Each structure stands twice: as structure tokens, then as C-alpha cells.
Amino acid sequence: MTQHNDPVRVRFAPSPTGYLHIGGARTALFNWLFAHANNGKMILRIEDTDRERSTLEDVDRIIESLKWLGLNWDEGPFFQSERKELYREYAQKLIDQGLAYYSDEQRGEHQAIIFSIPNEKVVIDDIIHGPMEFDNSLIKDLVIFKSDGFPTYNFACVVDDALMGITHIIRGDDHISNTPKQIPLYKALGFPVPKFAHVPLILGKDKSRLSKRHGATSVQSYQEEGFLPDALVNFLALLGWSPGDNRELMNRKELISLFSLERISSKNSVFDDEKLRWMNSVYIRESSYNDYKSLVMPFLKSAVGDDCEKHPELDYILSLLQERLKVLNEISEQSSFFFTDDFEYDEKSVAKRLLKPEVPEILSNLIHKLAVLEEFTDKTTENAARELVEEMGISGGAVIHPVRVALTGVMTGPGLFEIMQALGKEKCLIRIQNAIDLINSRSSSSVDMGK
RNA sequence: GACCCCAUCGUCUAGUCGGCCUAGGACACAGGGUUUUCAUCCCUGCAACAGGGGUUCGAAUCCCCUUGGGGUCGCCA
């Protein structure tokens with residue numbers, strides 16, 4: 001592990017002009033992992049110097065998302081909008097030293113202040129990219145105070161990073177070109193220059209920078225879809241970083257102990273939704289039942305109503321579904337038939353499994369078998385079905401498939417006899433009878449069509 | 001366009017100072033097994049060092065060029 005002389009201090013510095021983007025979340029995560037791996041501190045700073053676009057709602061949303069992901073911070077949140085005077089002091093120092101000057105262009109109430117960038121080469125020894133050289137004679141002087149009286153990003157950022165004692169700046173690749181502008185600012189202000197680690201961007205399927213047009217990119221939308229924070233954290237950590245062996249499934253503790261900036265790739269990476277979903281299903285499956293239940297209940301309730309909580313077979317039903325959910329909100333489509341009698345019959349399933357000449361007889365025979373059961377469990381119902389199979393000389397599938405469609409409306413789902421137990425005798429008998437009626441009504445009309 | 005970054009399977013990646021790489025793992029995909037279905041699980045398969053020059057006994061690994069992709073060029077952050 002890398003040794004650092006000063007106690008490590010990092011920061012995550014979002015601007016509250018939108019949701020927490022998945023890319024921002026990864027940057028926050030890398031900062032968080034680095035801080036924890038080095039016994040350092042993480043600072044949260046809100047960069048709200050754009051008074052037009054910054055909103056309090058966005059501040060809340062971003063903080064909510066960070067909390068949901070479990071990315072806690074040690075200091076802050078600090079708001080740049082509250083530190084205006086501080087920045088002005090430093091700008092004044094630069095003016096006094098002749099390193100900055102007032103703009104002669106008058107645009108607003110205040111006069112903009114501009115920093116003269118020295119015409120020299122700047123080398124950044126980036127932890128991820130290695131040395132990068134820039135020629136500052138090629139760039140224009142830098143506005144550090146806007147005519148609305150607020151500092152610009154580059155200025156406020158440098159002053160804060162220095163004053164807050166930030167040792168490592170871990171931020172997106174898109175800030176690389178800001179760095180050669182910021183370094184002369186550190187020097188002019190007499191601040192030590194921190195270390196930089198520019199992490200590559202996250203791309204969409206088409207290899208362009210991940211954005212709204214690639215679909216949902218806010219952390220909040222992943223939360224709403226039913227991804228677990230642990231799964232998202234694990235997945236995001238692997239986007240651009242790897243521990244070096246073939247390990248992929250790692251909890252936070254492992255992530256922290258294995259993490260290092262040096263192992264972050266310098267290459268952009270494409271966000272693979274499929275792999276995230278797979279990883280999420282692993283986390284759902286491997287959760288304890290109680291954790292899983294508390295995670296999934298809000299999704300179930302919003303899908304089928306709060307009453308589901310009182311369902312006598314709730315735990316049994318949820319446990320049947322635990323191993324087949326990729327995201328939590330799938331609970332809705334996969335369990336509604338347990339909670340309502342008003343579920344949809346999937347036409348393809350009906351055509352394939354119910355509309356067969358032998359089905360009505362099988363179903364009605366099964367009704368007779370089930371009706372006499374005293375105990376109605378997965379075992380007893382299965383025995384009944386096996387007996388029927390025996391007596392009629394048919395295959396197991398010949399009874400199981402149509403019954404599944406009769407009870408659930410679809411061809412896939414948990415084991416049939418578990419479903420029966422969860423549903424209970426009465427509902428099973430009614431639904432099987434309904435299926436028989438459905439078949440009869442269908443066949444009488446199709447007979448006329450000669451088919 | 002200028003400046004900068006990047007380049008291993010479709011995707012995420014391993015490949016630490018060049019040899020152990022006939023390039024490993026995971027997701028996805030295909031096939032098979034288990035299963036009443038789906039999912040899980042197990043097995044198998046498919047599939048990559050962008051191209052061209054060097055350097056070297058030897059290069060995916062180093063250098064250069066080309067090509068391709070990305071980022072930045074705001075009194076936005």
C-alpha cells in the first residue's frame with residue numbers, strides 16, 4: 001500500500017444542479033474508499049457558486065443518494081455560497097500582488113477579476129495517468145470572480161481545497177484540462193499543490209459519455225428500480241478499478257482493504273447494465289431473509305397495497321421469490337397473483353398450456369383430488385398430483401403446466417406446489433375451475449371456426 | 001480545429017519491472033446436465049492483444065507513426 005506522509009484528506013464536491021449522477025457516485029466512492037483505506041477523512045463540499053442553476057432540492061437529493069449508498073463523510077457539507085468573502089480576500093491578495101486584475105468589461109453589478117496565467121509549461125504528475133505536460137502560453141487568462149460577485153469554479157475550488165487541507169484530489173477525467181489552470185493559482189496563492197488522480201469517465205453503450213439519453217443515470221433511479229446499495233457500490237468499484245486477482249464480489253470491508261488509486265485504470269469504461277443486474281441478484285439471493293424482507297417490502301406494498309403485510313403466508317411467499325429477483329421492483333410482476341384474484345392471463349401461456357383437448361379433464365380430476373385433502377401443503381398437493389399422473393397414465397408436465405397457468409396466469413415462477421401451499425385450497429380450487437370455464441368458452445367459439 | 005487522455009474477448013477486466021500468455025476471470029451469448037416451468041446450480045463452447053514500423057535472443061507488455069474513440073476549449077461546474 002502507498003505510504004502518505006500527511007494524513008489523507010479527500011473531498012467530494014458536487015454542484016447541486018441535478019441528481020447525483022452514477023459517475024459522480026463512483027467518484028464519491030473512490031474518494032470514500034481511498035479515505036477509508038488510508039485512515040483519512042472525507043469532506044463534502046457543495047459547489048453552488050452558480051446561483052442560477054443551484055437548488056436546495058438538488059442539495060437534498062444528492063445528500064440523500066450519498067447516504068443511501070452508505071458513503072458517509074467526516075466534515076461538511078460546506079457551501080461555497082457561504083464563503084464568498086473568503087474567496088474575495090484571496091482574490092484581493094492576487095490583485096495586490098499584481099497577479100490578477102479587474103476586467104474592463106462591465107457586465108453586472110461587480111467587476112470581474114481575472115488571474116494572469118503565467119506563460120509556462122506545467123507538468124502534472126497524475127497518480128492514474130502519470131506525467132502530463134501542458135503549455136500554458138496557449139491558454140487565456142482565467143476569470144476568478146464573476147460580475148455577479150461570486151467566484152468561478154476554478155478559483156473557489158483551489159482556495160477551498162487548500163484551506164480544507166485536501167491532500168488528494170480524486171475527480172473525473174473531464175477536469176484534466178482545469179488542472180493546468182489551477183496549479184498556477186496554488187502557486188500564486190502560496191498553497192502547496194495537492195496530488196491529483198483523474199479517474200476515467202463512464203461511458204454509455206455507444207461509447208459516448210454516460211448521460212440522460214442513455215436512460216436512467218441518477219443514483220435515485222437505481223434506488224427506485226430496486227438495486228441494493230451494496231450491489232451498486234460493488235459494481236461501481238469495479239468500473240475502472242480491480243483488485244488484481246479475479247475477485248469480483250466484495251463487500252465494503254474487502255473493497256477498502258484492497259483499494260488503491262494506482263490500480264485504477266486509465267481507460268474509460270462502458271456501463272454494463274446487464275452485469276449490474278446480475279450482481280444485484282447475487283446480493284438479493286445472499287441477503288439474510290430478514291434483510292431481504294425489509295428491503296423488498298416497500299416495493300411489494302406499493303405494488304399490491306399495504307394489506308399484503310397481513311397476508312398469513314407473506315414470509316413463505318417472499319422466500320419463494322428471493323432467489324428469482326434481479327431487482328426488487330420485479331416483486332410486483334412476480335407476486336401479484338398471490339395477493340389478488342384479479343391477475344392477467346398471459347395469452348401465450350393460455351394458448352400453449354390450457355387450450356389443449358385433454359386439459360379440462362385433467363384439471364377437473366385434479367380438483368376432485370385436491371378437494372378431499374385435509375392438509376393442504378406442497379407435499380400433500382404434490383402427492384395428489386402424482387397420484388393423478390399415475391392413474392391417468394400421463395406425464396407430470398401434463399398436469400403441472402396447465403395448473404400453473406390456471407393459478408398464476410403465466411408459465412414461469414416458483415415451484416407449483418409451493419405456489420399451491422401459499423395460495424391455499426380454496427383459491428386453488430376456484431382458479432382451476434375458472435381455467436376450465438375459460439377453456440370451454442374458448443373452445444366452443446373456435447369449434448365454429450372449424451379449427 | 002487546437003490542446004489533452006485512451007486503445008486486450010460484445011462489455012467489465014487480469015496481464016505489476018518484456019519471457020511462465022498456444023492471453024486468465026466475470027457478465028452476456030450458445031449448447032448440455034439437474035429441475036414440473038422459470039431462475040439457481042454444475043459442465044462445455046464462442047470470443048480479444050486496432051494497424052504498421054522499430055528496440056530486443058524474445059513484446060499484449062518499451063518507443064514512434066497511423067487509425068479509432070473520448071474529454072476540454074464559458075464571467076458552468
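In what follows, every chain begins at residue 1, and chains take the letters A, B, ... in the order their sequences are listed. All of these numbers come straight from a predicted model, not from anything done at the bench.
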Across all chains, not counting sequence neighbours, the side-chain contact (heavy atoms from CB on, under 4.5 Å) partners of P14(A) are F12(A), L44(A), I46(A), I62(A)
Quick note, side chain to side chain donor-acceptor pair (under 3.5 Å) partners involving residues 150-162 of chain A, not counting sequence neighbours, are R11(A)-D161(A), R45(A)-D161(A), Q80(A)-D160(A), R83(A)-D160(A), Y87(A)-D160(A), Y153(A)-R171(A), Y153(A)-H175(A)
- Message: Please determine whether the number of non-hydrogen atoms from other residues, nucleotides or ligands lying under 6.0 Å from atom CD of E391(A) exceeds 12.
- Response: yes
Report all interatomic pairs (protein N or O, nucleotide N or O of nucleotides 29-32 of chain B) with separations under 3.5 Å.
none

Answer yes or no on whether K275(A) is positioned over the face of F235(A), meaning its NZ or CZ is under 6.0 Å from the six-membered ring centre and within 45° of the axis.
no
Exercise. Pick the C1' atom in G24(B) and in C5(B), then give their distance to the nearest Å.
Key: 28 Å
Contact check, residues 380-405 of chain A vs RNA chain B, heavy-atom distance under 4.0 Å, returns R386(A), I400(A), H401(A), R404(A)
E120(A) meets the side-chain hydrogen bond (donor to acceptor under 3.5 Å, both in side chains) criterion, sequence neighbours left out, with none
For Y289(A), the side-chain hydrogen bond (donor to acceptor under 3.5 Å, both in side chains) test, sequence neighbours excluded, returns D315(A)
For N31(A), the side-chain hydrogen bond (donor to acceptor under 3.5 Å, both in side chains) test, sequence neighbours excluded, returns none
key: Rounded distance in Å between the C1' positions of U22(B) and C49(B)   = 14 Å
So side chain to side chain donor-acceptor pair (under 3.5 Å) across residues 392-405 of chain A, not counting sequence neighbours, yields none
Residues pairing under side chain to side chain donor-acceptor pair (under 3.5 Å) where one sits in residues 101-118 of chain A, two or more places apart or in two chains, turn out to be Y101(A)-D141(A), E105(A)-R107(A)
Expected string for nucleotides 13-27 of chain B under the B/S/- scheme (protein heavy atoms, under 4.0 Å, primed atoms plus P, OP1, OP2 as sugar-phosphate) is SSS--------BBBB
| query | Across the strands shown, which category fits M132(A) at heavy-atom distances under 4.0 angstrom: base, sugar-phosphate, nothing? | reply | sugar-phosphate
Regarding T152(A), tell me which of base, sugar-phosphate or nothing describes its non-hydrogen contacts under 4.0 Å with the strands shown. sugar-phosphate
Contacts satisfying side chain to side chain donor-acceptor pair (under 3.5 Å) that involve residues 20-30 of chain A (not counting sequence neighbours) are none
Ordered by number, residues from residues 203-222 of chain A within less than 4.0 Å of RNA chain B (heavy atoms) are K207(A), R209(A)
Fill in: Nearest-Å distance once atom P is located in both C20(B) and A60(B)
9 Å
